[in-house]
**Q** 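Submitted below is the structure of interest, expressed as structure tokens.
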Amino acid sequence: MPDSPILITGGAGFIGSHLAEALLARGERVRVLDNLSTGKRANLPDSERLEIVEGDVGDLAQVQRAVAGCRAVAHLAAVASVQASVEDPLGTHRSNLIGTLNLCEAMRQAGVRRVVFASSAAVYGNHGEGRAIDEDTPKAPLTPYAADKLASEHYLDFYRRQHGLEPAIFRFFNIYGPRQDPSSPYSGVISIFAERARLGLPITVFGDGEQTRDFFYVKDLVALLLQALDTSEPGSEPVNVGLDRATSLNELLATLGDLLGGLPPVSHGPARAGDIRHSRADNRRLLARYRASSVTSLRDGLAALLEAPARS
Ligand code: NAD
Ligand code: UD1
């Protein structure tokens with residue numbers, strides 16, 4: 001069914017809207033299911049090949065309607081903030097796990113097989129000082145967010161073994177780029193720091209700033225998601241998505257200051273509950289399975305982000 005749409009749950013969000021744009025650019029039809037909790041219609045372009053369904057992945061009937069007639073699914077809908085899940089475990093669970101289970105059921109019923117899933121580095125918890133984490137590292141989810149992502153992986157694997165679903169499970173490390181919404185304290189750290197630095201507003205670092213993350217540029221991620229939607233054999237094992245580079249928040253701020261020619265005042269608050277100390281991807285499986293020829297360095301990605309207009 002080459003003419004049938006690809007469904008993107010969470011398609012009005014940061015990553016989902018970049019994926020929608022890329023699919024539309026190659027002539028696909030796209031259907032977005034999004035409850036617009038953090039996503040926005042304005043993130044998406046106007047296109048007659050784009051259908052936007054406002055709805056909730058926590059509601060099975062709505063998911064069934066959205067899946068009907070689709071060729072494949074990218075399942076990105078979730079409360080993306082780890083901190084929000086610490087403060088509202090039940091509310092986030094409905095989106096982050098029930099949503100995945102609803103999708104699995106709806107796909108089984110409709111006979112749709114391929115699904116690309118946005119899991120997270122959060123499933124690993126804390127594993128030592130800056131060591132690269134491979135996919136077989138024991139899982140130690142520290143937060144409701146991480147527990148729901150890990151459980152989602154297990155449900156997808158059950159539907160793979162039992163019902164022939166073809167999940168491609170990616171464990172994204174920290175994704176950043178244009179259109180990541182900086183407006184909430186729960187937003188991704190780069191979006192917040194870049195916005196505040198640009199406007200000259202004070203920046204708060206939670207903890208000592210020596211915690212590290214492996215930051216990965218959104219357009220490079222989308223190139224991988226497109227391959228996973230297309231591939232004849234997605235493989236049954238999850239794949240880390242990161243650069244295998246650890247950057248501390250203090251280093252991140254130094255690079256931003258360098259690019260902008262200075263920084264506003266930076267203060268420190270208490271570290272967040274459940275915050276992971278170090279996170280760095282062993283990406284050998286990613287490089288073996290997917291073409292990742294032009295990955296963007298953090299400095300280049302930050303420069304592109306700072307140059308980008310509000311909607312790009
Ligand atoms: P985002 O908040 O911009 O996107 C999430 C989208 O899902 C939003 O448009 C939101 O409105 C929608 N949504 C939330 N709950 C929903 C529900 N119940 N029903 C329908 N739609 C719902 O965040 P993002 O950074 O684009 O994240 C996309 C996915 O990638 C999420 O699953 C997130 O957990 C995962 N992820 C993100 C990162 C990152 O660094 N950004 C890293 C690892 C995993
Ligand atoms: C992020 C993603 C999560 C993903 C995970 C994978 C978001 C909102 N979260 O979580 O979806 O699963 O990566 O690794 O996209 N911080 C500050 N000041 C701020 C904001 C944050 O110091 O104003 C700190 C946090 O305490 C944390 C670090 O920055 O130590 C990163 O925070 P955040 O961007 O929220 O990401 P993660 O919690 O790593």
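All ligand and atom numbering here is 1-based and tracks the order in the structure. In this chain, residues are counted from 1 in sequence order.
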**Q** Counting each atom of ligand 2 from 1 as listed, which ones have a heavy atom of Ser187 under 4.0 Å away?
**A** 8 (C), 35 (O)

**Q** To check your reading of the model: name the closest protein heavy atom to atom 19 (N) of ligand 1, its residue, and the distance in Å.
**A** Val57 N, 2.9 Å

**Q** Could you see which bit of Lys149 sits under 4.0 Å from ligand 1, with heavy atoms only: side chain, backbone, both or neither?
**A** side chain

**Q** Numbering the atoms of ligand 2 from 1, which are under 4.0 Å from a heavy atom of Ala121?
**A** 14 (O)

**Q** Please check if atom OH in Tyr155 has more than 12 non-hydrogen atoms from other residues, nucleotides or ligands closer than 6.0 Å.
**A** no

**Q** Evaluate Ser279 for polar contact with ligand 2, using N/O atom pairs at a separation under 3.5 Å.
**A** no

**Q** Please state which protein non-hydrogen atom is closest to atom 1 (P) of ligand 1 and give its distance, to 0.1 Å?
**A** Thr38 OG1, 3.7 Å

**Q** Would one find an N or O of Asn174, backbone or side chain, under 3.5 Å from an N or O of ligand 1?
**A** no

**Q** For ligand 2, which atoms sit closer than 4.0 Å to a heavy atom of Gly188?
**A** 8 (C), 34 (O)

**Q** Of the listed options (Ala77, Ala66, Ala80, Ala78), which comes nearest to atom 5 (C) of ligand 1 when hydrogens are ignored and any heavy atom counts?
**A** Ala78

**Q** Check step by step if side chain to side chain contact (heavy atoms under 4.5 Å, CB included) holds for Asn240 and Tyr124.
**A** CA-CA 11 Å; Asn240 286 342; Tyr124 297 116; 2.7 Å; yes

**Q** For Ala12, is the nearest heavy atom under 4.0 Å from an atom of ligand 1?
**A** yes

**Q** With atoms numbered from 1 as shown, which atoms in ligand 2 lie under 4.0 angstrom from a non-hydrogen atom of Gln211?
**A** 30 (O)

**Q** Check each atom of ligand 2 against the heavy atoms of Ser120 and keep those under 4.0 Å away; list them by number with element.
**A** 4 (C), 5 (C), 6 (C), 12 (O)

**Q** Please state which protein non-hydrogen atom is closest to atom 38 (O) of ligand 2 and give its distance, to 0.1 Å?
**A** Val82 CG2, 3.8 Å

**Q** Which heavy atom of the protein is the closest neighbour of atom 39 (O) of ligand 2, given with residue, atom name and distance?
**A** Arg213 NE, 2.7 Å

**Q** Output the list of atoms in ligand 2 that are nearer than 4.0 Å to some heavy atom of Asn174, sorted by atom number.
**A** 1 (C), 6 (C), 13 (O), 14 (O), 36 (O), 37 (P), 39 (O)

**Q** Give yes if a backbone or side-chain nitrogen or oxygen of Gly13 is under 3.5 Å from a nitrogen or oxygen of ligand 1, and no if not.
**A** yes

**Q** Considering heavy atoms of the protein only, find what lies nearest to atom 11 (O) of ligand 1 and give residue, atom and distance to 0.1 Å.
**A** Asp34 OD1, 2.6 Å

**Q** Any N/O of Ile15 closer than 3.5 Å to an N/O of ligand 1?
**A** yes

**Q** Consider ligand 1: state whether an atom of it lies below 4.0 angstrom from any non-hydrogen atom of Thr9.
**A** no

**Q** Measure the distance from atom 35 (C) of ligand 1 to every protein heavy atom, then report the residue, atom name and distance (to 0.1 Å) of the closest one.
**A** Ala118 CB, 3.8 Å

**Q** Do Phe173 and Phe215 have ring centres separated by under 6.0 Å?
**A** no

**Q** Any idea which of Phe117, Phe170, Phe172 brings a heavy atom closest to atom 43 (C) of ligand 1?
**A** Phe172

**Q** Hey, looking at atom 34 (O) of ligand 1, which of Tyr145, Phe173, Tyr176 has the closest heavy atom?
**A** Tyr145

**Q** For Glu166, is there an ion pair with Arg113 - N to carboxylate O distance below 4.0 angstrom?
**A** no

**Q** Can you find an N/O atom of Phe206 closer than 3.5 Å to an N/O atom of ligand 2?
**A** yes

**Q** Could a heavy atom of Gly55 be found less than 4.0 Å from some atom of ligand 1?
**A** yes

**Q** So, regarding Ala80 and ligand 2 (criterion: nitrogen or oxygen to nitrogen or oxygen, under 3.5 Å), is there a contact or not?
**A** yes

**Q** Checking a contact table here: which protein heavy atom is nearest atom 8 (C) of ligand 2, and how many Å away?
**A** Tyr186 O, 3.2 Å

**Q** Could a heavy atom of Phe216 be found less than 4.0 Å from some atom of ligand 1?
**A** no

**Q** Looking at Glu153 and Arg171, is any side-chain nitrogen of the basic one under 4.0 Å from a carboxylate oxygen of the acidic one?
**A** yes

**Q** For atom 24 (C) of ligand 2, what's the nearest protein heavy atom and its distance?
**A** Leu249 CD1, 3.6 Å

**Q** Counting both backbone and side chain atoms, is some N or O of Asp275 under 3.5 Å from an N or O of ligand 2?
**A** yes

**Q** Which is closest to atom 18 (N) of ligand 2 in terms of heavy atoms, Val189, Val123, Thr204, Ile192?
**A** Thr204

**Q** Among protein heavy atoms, which sits nearest to atom 35 (O) of ligand 2, and what does the distance come to when rounded to 0.1 Å?
**A** Arg272 NH1, 3.4 Å

**Q** Among all protein heavy atoms, pick the one closest to atom 28 (C) of ligand 1 and tell me residue, atom and distance.
**A** Leu76 O, 3.5 Å

**Q** Could you tell me whether Glu251 and Arg299 make a salt bridge, using a distance below 4.0 angstrom between a side-chain N and a carboxylate O?
**A** no

**Q** Are any of the side-chain nitrogens in Arg26 or Asp230 under 4.0 Å away from the carboxylate oxygens of its partner?
**A** yes

**Q** Specify side chain, backbone, both or neither for Ser119, according to which of its non-hydrogen atoms lie closer than 4.0 Å to ligand 1.
**A** backbone

**Q** How does Ala271 reach ligand 2, if at all, at less than 4.0 Å between non-hydrogen atoms: by side chain, backbone, both, or neither?
**A** neither

**Q** With respect to Gly39, determine whether any N or O atom, backbone or side chain, lies less than 3.5 Å from an N or O atom of ligand 1.
**A** yes

**Q** How close does the nearest protein non-hydrogen atom get to atom 3 (O) of ligand 1, and which residue and atom is it?
**A** Phe14 N, 2.8 Å

**Q** May I ask whether Ser81 has any heavy atom positioned less than 4.0 angstrom from an atom of ligand 1?
**A** no

**Q** Taking 4.0 angstrom as the limit and counting only heavy atoms of Phe172, give me the atoms of ligand 2 inside it, by number and element.
**A** 6 (C)

**Q** May I ask you to check whether Ser81 has an N/O atom sitting below 3.5 Å from an N/O atom of ligand 2?
**A** no

**Q** With a 4.0 Å heavy-atom cut-off (strictly under), which part of Leu36 contacts ligand 1: side chain, backbone, both or neither?
**A** backbone

**Q** Taking atom NE2 of His18 and atom CD1 of Ile175, what is their separation to the nearest 0.5 Å?
**A** 11.0 Å

**Q** Tell me, yes or no, whether the heavy-atom count around Arg291 atom CZ, taken from other residues, nucleotides or ligands under 6.0 Å, exceeds 12.
**A** no

**Q** I want to confirm something. Looking only at heavy atoms, which of Leu19, Asp148, Asp56, Val218 is nearest to atom 18 (N) of ligand 1?
**A** Asp56

**Q** Does the pair Asp46/Arg41 count as a salt bridge with the N-to-O cut at 4.0 Å?
**A** no

**Q** Strictly under 4.0 Å, does any heavy atom of Ser37 approach an atom of ligand 1?
**A** yes

**Q** Consider side chain to side chain donor-acceptor pair (under 3.5 Å). Of Thr247, Asp244, Asp214, which one does Arg280 pass it with?
**A** Asp244

**Q** Tell me, which protein residue and heavy-atom name are nearest atom 13 (N) of ligand 1, and how many Å apart are they?
**A** Asn35 OD1, 3.3 Å

**Q** Among Leu44, Val32, Ile175, whose heavy atom sits nearest atom 40 (O) of ligand 1?
**A** Ile175

**Q** Taking the side chain as every heavy atom from C-beta outward, state whether Met107 and Tyr159 have any pair of such atoms under 4.5 Å apart.
**A** no

**Q** Of the protein's non-hydrogen atoms, which lies at the shortest distance from atom 15 (O) of ligand 2, and what is that distance?
**A** Gln180 NE2, 3.9 Å

